[in-house]
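A short write-up of the structure that comes next.
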2 protein chains.
Amino acid sequence: MKRTPAIDDLVLFVQVAQAGGLAGAARDSGISTPTLSRKMQTLEQDLGRHLFLRGPRGYGLTAEGRALLADLADLIPLKTRLSQLLQQDQTPEVRITAGSWTAAFLARRIPVRDTWAPAFVEATARLDIARRGADIGIRNQRPDQPWLAARRTRQISYRLYARSYDVEGYVALSRDAAQPPSARWLRDHHGDDIRATAGSVRLLADLALAGAGRVVLPCFAAADLPDLHPVSDPITDLGHEEWLVSHHEARHDPPVRAALDQIATILTKTGT
Amino acid sequence: MKRTPAIDDLVLFVQVAQAGGLAGAARDSGISTPTLSRKMQTLEQDLGRHLFLRGPRGYGLTAEGRALLADLADLIPLKTRLSQLLQQDQTPEVRITAGSWTAAFLARRIPVRDTWAPAFVEATARLDIARRGADIGIRNQRPDQPWLAARRTRQISYRLYARSYDVEGYVALSRDAAQPPSARWLRDHHGDDIRATAGSVRLLADLALAGAGRVVLPCFAAADLPDLHPVSDPITDLGHEEWLVSHHEARHDPPVRAALDQIATILTKTGT
DNA sequence: GGAGTGCGTTTCATTTATGAAAGCCAGCTT
DNA sequence: AAGCTGGCTTTCATAAATGAAACGCACTCC
């Protein structure tokens with residue numbers, strides 16, 4: 001009969017000790033005095049120590065009981081902290097992984113809700129969703145893993161953009177950055193006329209805005225950059241679908257489902 | 001069905017979440033998977049939130065579950081800290097209240113034990129023991145409260161002491177200090193020849209050791225001050241009994257009982 | 001000094017919690 | 001495709017916990 005006592009029973013010990021008896025602790029805790037009496041007895045047995053002096057005036061503490069109380073007294077503030085914590089339901093985060101432009105596009109259009117909060121995470125590996133590193137992902141093709149749920153949202157097309165029609169040359173991603181298809185296409189077709197490079201596509205757009213050269217952009221991204229104008233037709237080689245992906249099970253999580261619906265609305269309402 | 005969940009169940013939630021499923025948590029916690037399954041279900045009901053995504057690969061966390069886990073993760077170190085705390089039984093303190101000289105006398109003679117540690121507390125009010133502010137007290141008369149257990153130890157007698165026989169005058173307690181009978185006796189009989197005063201009896205003895213005057217001391221205290229010599233017969237007006245007092249119930253507390261026995265031995269073996 | 005009060009424990013019927021075994025399901029292996 | 005494996009849930013009999021009521025005890029009040 002030497003089990004480790006439950007934390008809740010230790011809390012009751014503190015309450016009994018501080019109340020000076022079972023009656024007071026019963027009022028504080030809502031546990032009946034018979035139960036408290038038995039719990040304190042088994043606690044003493046499990047710990048192998050006499051904690052209380054039972055007298056007609058209530059429960060007094062023994063020397064050992066006092067030593068224990070000193071160690072456990074901070075369980076009471078912990079308990080109140082926990083109950084407060086459980087009352088307030090802080091808005092849960094839904095983790096979204098997407099490419100830079102898609103993330104920026106969503107970030108500008110997701111309405112602020114109190115039912116869930118968006119959390120954009122770096123799309124480091126393609127495995128993010130499978131490994132539960134993210135709840136929602138936006139991919140450029142239908143996922144082949146059977147445990148991923150996916151719905152098609154829109155067709156993505158790319159064009160060349162520039163600050164004005166007389167801008168010459170191109171801006172490209174640095175060679176040491178990850179090379180998405182658009183970057184490879186640019187190097188393949190205009191690699192001999194690159195006027196500037198940057199390590200991120202957002203910086204690339206900034207260069208184009210400064211007139212440093214023409215830039216390949218998905219059309220939807222250009223919608224948020226009114227100072228860039230299309231200077232080419234859609235690049236047929238780069239067009240692709242867009243898929244909204246999530247763990248199949250995650251669809252049963254209300255925040256995730258709400259986020260999926262809202263994101264789908266944003267991605268389908270906004271054409272091209 | 002909206003009860004506040006038990007702290008131990010919250011710990012189990014963390015264990016399930018961190019283990020990624022019931023099977024792992026069952027190994028960690030020693031609770032069977034059926035019980036864990038039910039506990040997690042009722043936890044979700046009580047909190048009114050979906051915490052888990054139940055899939056064939058185990059338990060995954062929902063967005064809300066992740067938010068809760070972040071708040072509760074530190075319950076695991078708390079639990080380990082508590083179990084370690086309950087393993088080691090730190091030596092309990094027995095609180096002793098006594099007059100200055102008796103406390104000093106005991107402090108020099110109490111053997112160091114690992115079953116209990118002495119803690120001398122200020123004897124501010126006579127009610128210390130009754131109000132459970134101390135476990136053991138040494139009084140100069142039999143207590144009249146019926147709930148105090150008392151045993152007589154020895155007869156205390158007082159003499160005048162001085163560094164040498166040719167020292168003149170007396171040293172006395174300051175008037176603003178509490179006046180024990182010995183101080184009152186000195187003021188009554190030699191109040192016109194006081195050469196120095198101090199606020200505590202220990203300082204008084206120091207003055208006498210410096211030759212500042214004669215001092216009234218209980219004889220047992222003088223035993224620890226070999227440089228002070230008796231310069232009078234015992235003062236009959238000041239003799240009194242000595243009583244070892246404790247709460248009646250406290251006698252059933254092993255550390256207190258051990259302390260009582262050892263103190264009684266010290267106080268009865270050493271005569272006068 | 002006898003009734004009253006406050007407190008803790010016991011009794012006992014009821015409720016609740018627990019785990020072994022069986023069942024179930026999805027994915028993986030052969 | 002049949003069988004296997006790992007993991008969760010349900011069933012069911014058993015064990016444990018719970019609180020109302022009764023009891024006992026010491027002190028207090030009149």
Side-chain angles (χ1 to χ4, degrees), chain A residues 1 3-6 8-9 11-13 15-46 50-62 65 130 132 144-149 247-252, chain B residues 1 3 5-6 8-9 11-13 15-46 50-62 65 130-132 144-149 247-252:
Chain A
M1 248 245 221
R3 289 174 42 218
T4 300
D8 296 279
D9 290 349
V11 172
L12 287 180
F13 161 75
Q15 290 187 298
V16 169
Q18 290 182 343
L22 301 187
R27 276 187 291 274
D28 297 346
S29 65
I31 309 288
S32 67
T33 45
T35 299
L36 285 176
S37 171
R38 284 179 292 242
K39 273 189 182 299
M40 294 304 109
Q41 284 178 20
T42 60
L43 183 66
E44 283 181 317
Q45 279 194 10
D46 292 348
H50 289 292
L51 302 175
F52 295 110
L53 298 167
R54 284 154 240 258
R57 311 204 148 275
Y59 269 41
L61 284 176
T62 65
R132 285 275 164 66
D144 45 0
Q145 295 93 331
W147 57 77
L148 292 187
H247 225 105
H248 193 275
E249 300 163 6
R251 300 186 50 121
H252 304 131
Chain B
M1 247 247 218
R3 288 175 43 219
D8 296 278
D9 289 350
V11 173
L12 287 180
F13 161 75
Q15 290 187 297
V16 169
Q18 290 182 344
L22 302 186
R27 279 187 289 275
D28 296 345
S29 65
I31 309 287
S32 68
T33 46
T35 299
L36 285 177
S37 171
R38 284 179 292 242
K39 273 188 183 299
M40 294 305 107
Q41 283 177 18
T42 60
L43 183 66
E44 284 181 317
Q45 279 194 8
D46 293 347
H50 289 292
L51 302 175
F52 296 110
L53 296 167
R54 284 154 241 257
R57 311 204 149 274
Y59 271 41
L61 283 177
T62 65
R131 305 237 168 140
R132 286 275 163 70
D144 44 2
Q145 294 93 330
W147 58 76
L148 294 186
H247 225 107
H248 193 273
E249 299 163 6
R251 299 187 51 123
H252 304 131

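Convention: sequence-line order gives letters A, B, ...; per-chain numbering from 1.
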Checklist outcome for this item: Heavy-atom nearest nucleotide on DNA chain D taken for B:Leu22 and for B:Arg38; more 5' hit belongs to B:Leu22

The side chain of [X] is closest to which nucleotide in this list: [options]?
X       : options                : value
A:Ala23 : D:dT10, C:dG8, D:dG7   : C:dG8
A:Pro34 : D:dA20, C:dT18, D:dC8  : D:dA20
A:Ile31 : D:dG19, C:dT10, C:dG19 : D:dG19

Atom-to-atom span, [atom1] of [X] to [atom2] of [N] - whole angstrom:
X       : N      : atom1 : atom2 : answer
A:Leu36 : C:dT9  : CG    : P     : 10 Å
B:Asp9  : C:dT16 : CG    : P     : 15 Å
B:Met40 : D:dG7  : CE    : P     : 17 Å
B:Asp8  : D:dA16 : CG    : P     : 18 Å
A:Leu43 : D:dA17 : CG    : P     : 13 Å
A:Asp28 : C:dC7  : CG    : P     : 13 Å
B:Gln41 : C:dA17 : CD    : P     : 13 Å
A:Arg54 : D:dA26 : CZ    : P     : 16 Å

Hey, is the side chain of [X] poking within less than 4.0 Å of OP1 or OP2 on [N], counting only N and O atoms?
X       : N      : result
B:Ser37 : D:dT9  : yes
A:Tyr59 : C:dT9  : yes
A:Thr35 : D:dG19 : yes
A:Arg57 : D:dC27 : no

Check for a donor-acceptor pair, side chain of [X] on one end and backbone N or O of [Y] on the other, with a separation under 3.5 Å.
X       : Y       : answer
A:Glu44 : A:Leu51 : yes
A:Thr33 : A:Ala23 : no
B:Asp8  : A:Asp8  : yes
B:Thr35 : B:Ile31 : no

Item to check | Centroid separation A:Phe13 to A:Phe52 less than 6.0 Å | outcome: yes

